[in-house]
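The structure appears below as structure tokens.
Throughout, residue positions are numbered sequentially from 1 according to the sequence presented. Note: hydrogens, waters and symmetry copies are ignored here, and every other heavy atom, side chains too, is used. Note that the structure is a prediction, hence the values are computed from the model and not measured. Atoms within each ligand, like the ligands themselves, are counted from 1 in listed order.
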Amino acid sequence: MNGVSLREQSIVIIGFMGVGKTTIGKAVAKRLYRDFIDIDEEIEKKYNMSTSDIFKKYGEKTFREKEKEVILNFCNKKLKIISLGGGAFLQDEIKDTCLSKCIVLSLDLSWESWEERINLIVDSRPVLQGKNSEEIKELFYKRQPLYEDHHSKIKTDNLDIEEVADYITDALKTAWDIYEPNT
Ligand code: S3P
């Protein structure tokens, strides 16, 4: 326990690139009247350039270091909805801190559904650039174990953004009432 009530703990959203962490995070934040934080956007603001340009200019290692610094900072704040980049849980310190200080929700989308979005995703994701669809599929499956460390997993196939956001909001309210009644 970290002394922060369950109702006040920040909510962290994890999942592979392009599963909808940002869009769904924003919709949940609106429903719960909380601030929404997109970690990639925070990093981009610090460098005043896109993630792709940060990768190109400074390399992935620098991006990952900044990613860790930014996430650890936000994990210590209350009442936020925080969307992580899909590679954040590659770093154990990020994973352990998120799991101990925040409520971690994992968005799960099947490869078949994800593949339909590939063209919308590829250009802005440096990790996918130069890979063919077989290699991307391999990365997709290789990354899945990272998204198994969570407090709750939400399968989003065939659901629209509003449905997922409603489901998450209702589930959180139910959990808060069960674990922290009368607060
Ligand atoms: C990455 C995912 C991206 C971004 C960066 C690296 C990854 O975030 O952090 O391009 O390694 O999976 P999204 O998951 O929001 O696309």
Side-chain angles (χ1 to χ4, degrees), residues 10-29 35-75 80-99 102-111 113-150 152-157 159 161 164-165 168:
S10 287
I11 289 150
V12 163
I13 305 182
I14 62 167
F16 195 65
M17 283 162 269
V19 296
K21 300 181 293 285
T22 299
T23 337
I24 291 166
K26 277 184 184 161
V28 173
D35 288 338
F36 173 74
I37 311 291
D38 180 81
I39 296 296
D40 286 337
E41 202 183 305
E42 294 298 320
I43 299 169
E44 289 176 344
K45 272 196 252 167
K46 287 192 188 291
Y47 285 89
N48 197 23
M49 57 176 86
S50 69
T51 299
S52 296
D53 287 342
I54 301 170
F55 266 66
K56 260 187 239 146
K57 185 154 187 214
Y58 299 105
E60 180 169 352
K61 188 165 176 281
T62 301
F63 176 85
R64 297 295 177 201
E65 281 164 10
K66 186 55 78 183
E67 183 177 40
K68 182 163 89 179
E69 182 192 312
V70 172
I71 294 172
L72 297 189
N73 173 44
F74 279 109
C75 275
K80 308 284 180 214
I81 307 287
I82 307 167
S83 159
L84 301 195
F89 267 29
L90 288 168
Q91 302 189 67
D92 285 341
E93 197 180 340
I94 296 181
K95 183 173 71 183
D96 296 344
T97 307
C98 289
L99 287 165
C102 306
I103 299 174
V104 177
L105 304 181
S106 181
L107 296 186
D108 182 63
L109 189 66
S110 68
W111 166 255
S113 301
W114 189 88
E115 199 183 14
E116 288 172 13
R117 308 180 179 180
I118 199 161
N119 292 332
L120 296 171
I121 297 165
V122 134
D123 287 347
S124 56
R125 303 316 200 276
V127 174
L128 302 181
Q129 260 134 58
K131 288 190 170 59
N132 62 34
S133 75
E134 261 319 295
E135 290 166 329
I136 292 176
K137 187 176 179 182
E138 209 173 285
L139 181 68
F140 180 93
Y141 282 108
K142 191 171 153 213
R143 285 276 188 88
Q144 292 309 305
L146 290 183
Y147 314 124
E148 287 305 323
D149 279 317
H150 54 70
S152 185
K153 177 156 92 175
I154 302 98
K155 289 189 180 292
T156 64
D157 280 84
L159 296 178
I161 294 155
V164 179
I168 291 175

Does ligand 1 have any atom that is closer than 4.0 Å to a heavy atom of R143?
-> yes

Nitrogen or oxygen atoms of G87 and ligand 1 under 3.5 Å apart | yes

Taking only heavy atoms of T51 into account, list the atoms of ligand 1 that are under 4.0 Å away from them.
-> 5 (C), 10 (O)

Can you find an N or O of V127 that's nearer than 3.5 Å to an N or O of ligand 1?
-> no

Are K61 and E65 within salt-bridge range, i.e. N to O under 4.0 Å?
-> yes

Might you confirm whether atom CG of N48 has over 12 heavy atoms from other residues, nucleotides or ligands at distances under 6.0 Å?
-> no

Under 4.0 Å between a Lys/Arg side-chain N and an Asp/Glu carboxylate O for E60 and R64?
-> yes

Fit a plane to each ring of Y147 and F16, take the angle between them on a 0 to 90° scale, and name the class: parallel (under 30°), tilted (30 to 60°) or perpendicular (over 60°).
-> perpendicular

Protein residue, atom and distance nearest to atom 9 (O) of ligand 1, heavy-atom basis = D40 OD1, 2.7 Å

Please say whether K21 places an N or O atom under 3.5 Å from an N or O atom belonging to ligand 1.
-> yes

Aromatic ring pairing W111/F140, orientation class (parallel under 30°, perpendicular over 60°, tilted between) | perpendicular

Which of the atoms of ligand 1 are close to G86, meaning less than 4.0 Å from one of its heavy atoms?
-> 2 (C), 7 (C), 8 (O), 12 (O), 13 (P), 14 (O)

Just let me know how R64 lines up against ligand 1, side chain, backbone, both or neither, with a heavy-atom cut-off below 4.0 Å.
-> side chain

Atoms of ligand 1 less than 4.0 Å from P126 heavy atoms?
-> 10 (O)

In ligand 1, the atoms that come under 4.0 Å of a heavy atom of R125 are 13 (P), 16 (O)

Determine whether the side chains of T51 and E44 contain a donor N or O and an acceptor N or O closer than 3.5 Å.
-> yes

Any donor-acceptor pair under 3.5 Å from W114 side chain to M17 backbone | yes

